[in-house]
Amino acid sequence: MKANAFTDRLLAWYDHHGRKGLPWHRNRSAYAIWVSEIMLQQTQVSTVIPYFHRFVEHFPDIEALATGSLDEVLHYWTGLGYYARARNLHKTARIIVEQYHGRFPRDYETAQALPGIGASTAGAILAFAFGKRHVILDGNVKRVLARYHAVDGWPGERDVAARLWDLADRYTPRTRVRAYTQAIMDLGATVCRRTRPDCAHCPVRMGCRALALGTPQRYPAARPRRSLPTRTTAMIMIRDRRGRVLLQRRPPTGLWGGLWGFPECGDEDIGEWCQQALGLRVELATPWRPLRHTFSHFHLQITPIAARAVSSDQVMENPEMVWYNPNQPDERGFAAPVKRLLQQLRETT
DNA sequence: AAGCCGGGGCA
DNA sequence: TGCCCAGGCTT
């Protein structure tokens, strides 16, 4: 098969079978495409769609996003995970307003230098928004190309990644870049799936080396894995007389950075810890059943502890703390387990 | 229970 | 530059 036969067949396939009418296609603004690409970095299309709608409805353009507070942005991101991306999205919106007159940069180097936008995302945004020839290499594209050429090794390794970038570049056409880029992503998502690839319906099956070897699902090689350690924490759900619960903002970076959560303490005596760290005298109730939350690199065992504030005369001057009424939610971001616990707290009121 | 995903950040 | 970090979802 000639080098561009791959591209031609893919484009022909796309005309009949590609996904069209995705929400961020309708409106080809660089803003909508940028937001969608950041969401899609971590999550599948079907999950992203409702988040995308809520997000762009609340933040219709770069200006609105830049003007919004980080709390608001995290609120609309709650549940999507990887909150550093929401923080970067917000940061980048402000950079674009301050340095680029509110217009998304059309230049690759400039786009790529923005927080949260790397090589592949910059290529995707510029290709989709401006129809310029740029190469992308997201998870779907990596899988298609690793199979088509039976590329051994984990794409996280430098040499393997370099090989895949080289292949991606070779097949990216000069014309119909939007269609091609969407086509190869769609092929990976709907036909060349990670498990159960549908090779019978693949437009490039004739040239696929992994299929010829009979083991397409073995490509690309999986990341080498380690066993995960378990960490523990206690989340203290302190309520005042009015049923409000004490929340604390987490540090701006790191795990659940910038999100609101319950005060947490390790192995210390909880009552004493509350008095020392929070200046609150509390009465503890029986702990709830522990929750288990898994991250990519550890398990977190969470013991939720209900408590009542006894000394409610304590004045809260700290802007990083708030008495929050679970029955009157406002716009702030929560990690998934915190959101779940707040929901349960609401039900037990 | 294990795999997946693109980029940031640090030694 | 090669690791480690990050979170909720699918399989």
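Because the structure is predicted, anything quoted here is derived from the model rather than measured. Proteins come first, then strands; the chains are lettered A, B, ... in the order of their sequence lines, and each starts at number 1.
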Colleague: Using whole Å, report how far CZ of A/Arg292 lies from C1' of B/dA1.
Modeller: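 Taking CZ of A/Arg292 and C1' of B/dA1, I get 9 Å after rounding.
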
Colleague: Between atom CG in A/Leu89 and atom C1' in B/dG8, what is the gap in whole Å?
Modeller: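 Atom-to-atom, A/Leu89 to B/dG8, this comes out as 15 Å.
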
Colleague: Relative to the ring of A/Tyr31, is the ring of A/Trp34 parallel (under 30°), tilted (30 to 60°) or perpendicular (over 60°)?
Modeller: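 Perpendicular.
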
Colleague: Check this for me, if you would: do A/Glu283 and A/Arg239 make a salt bridge, where the nitrogen-to-carboxylate-oxygen distance has to be below 4.0 angstrom?
Modeller: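 No, A/Glu283 and A/Arg239 are not salt-bridged.
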
Colleague: Going by heavy atoms in the side chains, are A/Ile238 and A/Val245 under 4.5 Å from each other?
Modeller: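 Result no, sub-4.5 Å side-chain heavy-atom pair not found.
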
Colleague: Is it the case that the side chain of A/Lys20 and the backbone of A/Asp15 share a donor-acceptor pair, with hydrogens and angles ignored and the cut-off at 3.5 Å?
Modeller: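 Answer holds: yes.
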
Colleague: How would you label the contact of A/Leu228 with the nucleic acid (heavy atoms, under 4.0 Å): base, sugar-phosphate, or nothing?
Modeller: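 Nothing, no nucleic acid heavy atom in range.
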
Colleague: When the C1' atoms of C/dG8 and B/dG9 are considered, how many whole Å apart are they?
Modeller: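 Those two atoms are separated by 22 Å.
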
Colleague: Is A/Asp107 salt-bridged to A/Lys132, cutoff N-O under 4.0 Å?
Modeller: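 So A/Asp107 does not pair with A/Lys132 through a salt bridge.
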
Colleague: A/Gln41 versus A/Asp138: any side-chain heavy-atom pair under 4.5 Å?
Modeller: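 A side-chain contact under 4.5 Å is absent here.
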
Colleague: Categorize A/Leu137 for me: base, sugar-phosphate, or nothing, with a 4.0 angstrom heavy-atom threshold over every strand shown.
Modeller: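 Touches nothing.
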
Colleague: Between protein and nucleotides 5-11 of chain C, map the contacts as a letter string: B base, S sugar-phosphate only, - none, heavy atoms under 4.0 Å, written 5' to 3'.
Modeller: SBBBSSS

Colleague: Would you classify A/Lys142 as touching base, sugar-phosphate or nothing, given that sugar-phosphate means primed atoms plus P, OP1 and OP2, and contacts are heavy atoms under 4.0 Å?
Modeller: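 Sugar-phosphate: the residue A/Lys142, judged by heavy atoms under 4.0 Å, touches backbone atoms but no base.
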
Colleague: Round to a whole Å and report the spacing from CG of A/Asp159 to C1' of C/dG2.
Modeller: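 Rounding to the nearest Å, CG of A/Asp159 and C1' of C/dG2 are 12 Å apart.
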
Colleague: Rounding to an integer number of Å, can you tell me how far A/Ile136 CD1 sits from B/dG7 C1'?
Modeller: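 My rounded result for the distance is 15 Å.
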
Colleague: Between C/dG7 and B/dC10, how far apart are the P atoms? Round to whole Å, please.
Modeller: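 My reading of the P atoms in B/dC10 and C/dG7 gives 16 Å.
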
Colleague: Less than 4.5 Å apart, any side-chain heavy atom of A/Cys202 and any of A/Cys208?
Modeller: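 Contact flag for A/Cys202/A/Cys208 side chains = no.
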
Colleague: Take the protein atom CD1 of A/Ile117 and the nucleotide atom P of B/dG9, then report the distance between them rounded to whole Å.
Modeller: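 Roughly 14 Å, once rounded to whole Å.
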
Colleague: Can you measure A/Leu114 atom CG to B/dG7 atom P for me and round it to whole angstrom units?
Modeller: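 Between P of B/dG7 and CG of A/Leu114: 12 Å.
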
Colleague: Please report the distance separating the P of C/dC9 from the corresponding atom of B/dG8, rounded so that it comes out in whole Å.
Modeller: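 Looking at atom P only, C/dC9 and B/dG8 are 24 Å apart.
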
Colleague: How many Å lie between CD on A/Glu37 and P on B/dC5, as a whole number?
Modeller: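 Value for this atom pair: 15 Å.
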
Colleague: For the pair made of CD in A/Gln41 and P in B/dG7, what is the distance, rounded to whole Å?
Modeller: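 So the CD-P distance, A/Gln41 to B/dG7, works out to 5 Å.
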
